[in-house]
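Computed from a predicted model, the values in this text were never measured in an experiment. Below, read A as the first sequence line, B as the second, and so on, with proteins coming before strands; counting in each chain starts at 1.
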2 protein chains.
Amino acid sequence: MRLDQFDLALLEAVQQDATISQQDLGARVNLSSAAVNRRLKKMNMHGVIRKTVALVDPAHLGYALTVITEVEVESERLDLLDAMKRSFLACPQVQQCYYVAGACDFVLVMLVRNMEEYTQLTRELFFESNNVKGFKTLVSMSNVKVGTAVPVGSEGH
Amino acid sequence: MRLDQFDLALLEAVQQDATISQQDLGARVNLSSAAVNRRLKKMNMHGVIRKTVALVDPAHLGYALTVITEVEVESERLDLLDAMKRSFLACPQVQQCYYVAGACDFVLVMLVRNMEEYTQLTRELFFESNNVKGFKTLVSMSNVKVGTAVPVGSEGH
DNA sequence: CAATCTGATGCAATTTCATTTCGCTTTCAT
DNA sequence: ATGAAAGCGAAATGAAATTGCATCAGATTG
């Protein structure tokens with residue numbers, strides 16, 4: 001799908017705040033609300049906008065700790081990796097999981113209430129997997145930036 | 001702010017999809033649309049819901065690569081750390097930045113179009129900082145999970 | 001124990017917003 | 001030129017959010 005300057009401006013706006021009315025969006029980018037509606041609908045259908053969600057403050061739900069874990073696997077057999085991926089996907093505390101090339105194999109970003117919850121999770125996710133050679137835990141002292149906005153400025157793809 | 005079962009159910013729902021109408025939400029949790037409206041407004045005001053945003057697919061904007069960088073700093077002087085934090089915050093490609101205890105000092109999750117863009121960013125963010133002892137780059141081969149939903153089930157805080 | 005205060009509810013009226021329709025303009029390839 | 005395709009704005013329609021109001025349950029107090 002081809003995106004013009006209007007689309008990009010809309011994306012930039014709704015990435016910051018999806019509650020702005022289409023009228024206001026139109027005023028901001030110089031378009032009628034009908035045009036805004038059509039463009040947003042199209043971008044939703046084409047998957048440019050994956051979804052629109054409420055971002056909840058973890059602290060208010062008791063999730064005070066962000067922990068980053070680097071996991072090294074024993075075997076790279078595909079079925080074993082898939083099983084691990086599935087267990088990470090299924091775990092609500094796992095906010096993000098990347099399968100990476102480099103020193104380790106998986107990087108996880110997790111949200112936990114306290115260290116006990118984390119150690120409990122390591123048991124479930126790592127020890128019981130039988131395919132984890134080792135893991136390194138990094139505890140976040142400060143979540144400097146936790147953003148969701150994809151850069152939109154500069155050139156198109 | 002105290003959250004009851006209704007609030008939690010609402011949070012769970014709007015974390016998945018913030019476009020559901022308040023009527024439908026009400027039907028789902030057994031509440032009138034007015035009550036849903038009031039509860040959502042309250043949670044917005046109290047910061048339980050930080051914001052509601054559209055999640056954009058990076059690939060559609062040409063951001064094909066996710067890179068994780070572990071940065072080790074030279075000095076932990078507060079003013080120097082703050083300067084670094086600010087430069088990370090200001091960089092749109094930096095999706096997340098954590099200041100961590102452990103082997104390294106910062107963990108960054110970045111979104112870039114290609115490796116060139118990344119090496120360019122390392123120049124701006126790391127080499128020009130004069131406070132980076134070294135950094136390790138992990139390239140994501142598979143973004144297994146990139147979620148935003150804070151766990152809501154189980155016990156309250 | 002009764003009075004009262006608080007916070008939250010549902011209903012219904014109102015207002016705001018999203019969505020569709022329609023006629024018009026532009027672009028581009030015939 | 002000409003017709004098809006794409007996109008626009010204004011206005012009509014339909015849906016949703018918001019608010020006023022009467023009410024109710026639970027806690028607090030005299």
Original post:
If you check the A:A34 side chain, which of D:dG9, D:dT18, C:dG10 turns out closest?
Top reply: D:dG9
Original post:
In whole angstrom, what separates A:R38's CZ from D:dG7's P?
Top reply: 9 Å
Subject >> Heavy-atom closest contact (A:L111 atom, A:Y63 atom, distance) >> reply: O-CD2, 3.5 Å
Original post:
Just by modelled atom types, is the B:A149 backbone N or O under 3.5 Å from a matching donor or acceptor in the A:Q95 side chain?
Top reply: yes
**OP:** Would you indicate which nucleotide in C:dA18, D:dA16, D:dG9 comes nearest to any side-chain atom of A:S21?
**Re:** C:dA18
Subject >> Closest non-hydrogen atom pair between A:E72 and A:D105, with its separation >> reply: CA-OD2, 3.4 Å
Subject >> Interatomic distance where CG belongs to B:D4 and C1' belongs to D:dG26 [whole Å] >> reply: 15 Å
**OP:** Ignoring backbone atoms, establish whether B:Q23 has a side-chain N or O less than 4.0 Å from OP1 or OP2 of D:dA17.
**Re:** no
Original post:
To the nearest angstrom, how far is B:Q5 atom CD from C:dT9 atom C1'?
Top reply: 18 Å
Original post:
What is the distance from NZ of A:K41 to P of D:dC8, rounded to the nearest Å?
Top reply: 14 Å
Subject >> Nearest-angstrom distance from the residue atom CD of A:Q22 to C1' of C:dT20 >> reply: 12 Å
Original post:
Closest to the A:A35 side chain: C:dT19, D:dG9, C:dG10?
Top reply: D:dG9
Original post:
In whole angstrom, what separates A:L10's CG from C:dA18's P?
Top reply: 13 Å
Subject >> Rounded distance (Å) that lies between atom C1' of C:dC17 and atom CG of A:D17 >> reply: 15 Å
Subject >> Given DNA chain C, 5'-ward residue of the pair A:D24 and B:L31, judged by closest heavy atom >> reply: B:L31
Subject >> C:dA8 phosphate, OP1 or OP2, under 4.0 Å from B:K42 side-chain N/O >> reply: yes
**OP:** Would you please confirm or rule out a distance under 4.0 Å between OP1 or OP2 of C:dT19 and any side-chain N or O of A:N37?
**Re:** yes
Subject >> A:I20 CD1 to D:dA17 P, straight-line distance once rounded to whole Å >> reply: 17 Å
Original post:
Going by the angle between their ring planes, with limits at 30° and 60°, are B:F88 and B:F106 parallel, tilted or perpendicular?
Top reply: perpendicular
**OP:** Return yes if some donor-acceptor pair links the side-chain N/O of B:K145 with the main-chain N/O of A:V94 below 3.5 Å, else return no.
**Re:** yes
Original post:
Does B:R39 put a side-chain nitrogen or oxygen below 4.0 Å from OP1 or OP2 of C:dT9?
Top reply: yes
